Amino acid sequence: MFEWIFLMPDHEFYMQRCLELAKKGAGSVAPNPMVGSVLVYQDRIIGEGWHQRFGEAHAEVNCISSVREEDQPLINSSVLYVSLEPCAHFGKTPPCTDLIIRHKIRQVVIACPDPFDEVNGKGIEKLKASGIDVITGVLEKEAMALNRRFFIFYQQHRPYIILKWAQTADHFMSREAGQPRLLISNELSNRLVHQWRSQESSILVGTATALADNPSLTTRLWPGASPLRLILDLSLRLPPSLHVFDQTVKTIIFNKLREGEEGNLHYYKISESQNLVQQLLHALYQLKIQSVMVEGGARLLQSFLNEGCWDEARVITNEHLKIEKGLAAPRLGNAWQTGEQELASDRIRFYTRQAK
């Protein structure tokens with residue numbers, strides 16, 4: 001006598017695949033979140049998709065569109081997995097909930113709700129109201145971590161903040177004023193930094209760093225779009241000959257004197273008398289900038305640390321270089337080390353902020 005055993009679908013297995021697919025959209029979908037989707041019929045994946053580019057089809061659309069012609073009759077008997085709540089509003093594309101309902105998909109498994117006000121539970125409600133069985137919370141923490149910039153922006157009304165600096169083995173960022181420029185990180189680390197830049201919305205530096213290093217703040221060592229350049233120059237004393245003013249990338253200059261635009265240069269007025277970090281966070285939120293990598297200088301980095309307004313820190317230490325005196329590197333507090341990487345002479349340590 002045979003006994004039929006019906007196994008529950010492995011929701012976490014298929015959601016993990018959604019997250020893998022979602023990552024393929026990194027650097028191409030912001031300010032939208034990275035989203036992956038899988039369609040499963042009786043433990044067989046019949047469709048996969050991810051959000052590939054901002055303004056184009058969402059993950060669910062690409063997933064359903066990928067189903068082969070011979071499998072299309074199976075769509076309404078399948079389970080749709082998606083790493084973020086399907087949208088229920090008209091944006092640059094039609095609502096994904098309407099597509100799911102139209103195909104009469106019987107069950108939808110969702111990792112986490114979408115914090116964007118136009119969605120935030122409305123997609124789930126719409127699916128349930130149409131008689132679709134909805135399961136939520138599968139690999140929720142992993143899905144939120146993947147789109148942590150998106151969640152921080154909409155839940156805390158500020159951009160995701162990454163602090164990055166390079167230091168000598170004895171914790172200095174540069175030589176003393178007037179001394180020749182010091183190159184701390186090696187070529188491998190520099191290439192990695194350009195990769196990091198390609199993953200963020202913007203880069204922020206202060207007046208002293210722009211003047212001393214004359215950085216381009218681009219991704220010239222890595223394929224991918226250069227992020228928005230943010231320059232803190234309260235008194236507008238930086239010379240126009242600097243690379244950051246070359247008009248090749250949109251650049252915002254935060255200052256206390258003027259507002260307006262000159263080609264790709266945008267002047268944004270802030271007050272010197274108010275809390276600088278909080279003003280910057282408010283301005284960046286109003287400008288819809290979801291993430292910023294703060295690359296210097298030491299005083300600006302320490303200001304974010306002192307305010308407790310940061311999410312990650314990436315510290316590159318040249319283990320073979322000591323200078324004994326110079327500009328001291330920032331000091332981390334309330335930080336968890338989450339990882340470490342060695343690139344020749346450089347050791348890179350990764351930190352997240354520890355809640356007080």
Side-chain angles (χ1 to χ4, degrees), residues 7-40 43 45 47-54 58-63 66 78-87 96-97 100 105 107-116 119-124 127 133-156 158-162 195-196 198-201 290-291 293 310-314 335-341 348-355:
L7 299 176
M8 293 294 291
D10 189 344
H11 292 325
E12 290 193 0
F13 175 82
Y14 294 116
M15 190 59 72
Q16 185 60 49
R17 178 57 182 161
C18 289
L19 297 177
E20 291 171 0
L21 291 167
K23 292 175 185 176
K24 295 185 176 185
S28 301
V29 300
N32 282 357
M34 295 174 281
V35 183
S37 183
V38 172
L39 191 64
V40 179
D43 278 339
I45 294 176
E48 291 188 337
W50 68 93
H51 185 30
Q52 299 179 10
R53 193 171 299 279
F54 175 70
H58 288 185
E60 301 93 320
V61 176
N62 289 330
C63 176
S66 74
S78 299
V79 179
L80 180 70
Y81 292 83
V82 60
S83 59
L84 189 71
E85 177 182 5
C87 61
C96 292
T97 49
I100 296 168
I105 295 173
Q107 187 179 64
V108 178
V109 180
I110 300 168
C112 57
D114 187 330
F116 181 48
V119 186
N120 202 359
K122 298 180 181 68
I124 293 171
L127 294 175
D133 181 31
V134 179
I135 297 174
T136 60
V138 177
L139 297 187
E140 182 174 16
K141 290 182 179 180
E142 291 84 349
M144 292 179 69
L146 176 64
N147 282 308
R148 54 195 180 277
R149 295 158 179 79
F150 183 76
F151 278 88
I152 287 288
F153 184 81
Y154 283 106
Q155 291 177 339
Q156 299 188 27
R158 67 167 177 84
Y160 189 84
I161 305 296
I162 300 171
Q195 181 185 2
W196 292 344
S198 72
Q199 297 166 351
E200 306 307 330
S201 302
Q290 287 190 10
S291 68
M293 180 178 290
W310 62 283
D311 300 287
E312 292 183 41
R314 302 172 184 177
W336 288 108
Q337 184 172 337
T338 58
E340 190 168 297
Q341 181 178 359
I348 306 169
R349 294 177 176 89
F350 301 87
Y351 301 89
T352 58
R353 182 169 55 87
Q354 177 183 359

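For clarity, every value in this text was computed on a predicted model and none was experimentally measured.
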**Asked** Taking atom CG of L146 and atom CZ of R148, what is their separation to the nearest 0.5 Å?
**Response** 7.5 Å
**Asked** Which atom pair, heavy atoms only, marks the closest approach of V109 to M15?
**Response** O-CE, 3.5 Å
**Prompt:** When rounded to the nearest 0.5 angstrom, what distance separates CD1 in I110 from NE2 in H11?
**Reply:** 12.0 Å
**Message:** Any heavy-atom pair between the side chains of M293 and R314 that's under 4.5 Å?
**Reply:** yes
**Prompt:** What's the spacing between Y351 OH and E312 CD if we round to 0.5 Å?
**Reply:** 13.0 Å
**Asked** Name the one of L39, V35, L21 that satisfies side-chain contact (heavy atoms from CB on, under 4.5 Å) with C63?
**Response** L39
**Item:** Any side-chain heavy-atom pair of D114 and N120 under 4.5 Å
**Value:** no
**Asked** Quick one: do the Y160 and E200 side chains pair a donor with an acceptor below 3.5 Å?
**Response** no
**Fill in**
Heavy-atom nearest pair, R353 first then W310, reads NE-O, 2.6 Å
**Message:** Closer than 3.5 angstrom, by distance alone: can the side chain of T97 be matched with the main-chain N or O of G123 as a donor-acceptor pair?
**Reply:** no
**Nearest heavy atoms of A111 and S83, plus distance in Å** = CB-O, 3.3 Å
**Item:** Point-to-point distance, once rounded to the nearest 0.5 Å, from CD of Q107 to OH of Y81
**Value:** 6.5 Å
**Message:** Tell me the closest heavy-atom pair linking K122 and E85, and the distance in Å.
**Reply:** N-OE2, 3.3 Å
**Prompt:** Which pair of heavy atoms, one from Q52 and one from S28, lies closest together, and at what distance?
**Reply:** O-CB, 3.3 Å
**Request:** Mind checking the OG-CZ spacing from S291 to R149? Nearest 0.5 Å is all I need.
**Result:** 5.5 Å
**Request:** Over all heavy atoms of both residues, which pair between Q155 and P115 is shortest? Give the atoms and the distance, please.
**Result:** CG-CB, 4.0 Å
**Asked** Is a side-chain donor or acceptor of D311 paired with a backbone partner of I162 at a separation under 3.5 angstrom?
**Response** no
**Message:** Test your reading of the model: is there a side-chain donor-acceptor pair from N62 to the backbone of W50, 3.5 Å cut-off?
**Reply:** yes
**Prompt:** Heavy atoms, side chains only, cut-off 4.5 Å: are M34 and F150 in contact?
**Reply:** no
**Message:** Quick one, L84 and C112 - any side-chain contact, counting heavy atoms below 4.5 Å?
**Reply:** yes
**Item:** Separation between CG of N147 and CD of Q290, rounded to the nearest 0.5 Å
**Value:** 9.0 Å
**Close side-chain approach of P33 and H51, heavy atoms under 4.5 Å** = no
**Message:** Do Y14 and L80 make a side-chain contact, defined as non-hydrogen atoms from C-beta onward lying under 4.5 Å apart?
**Reply:** no
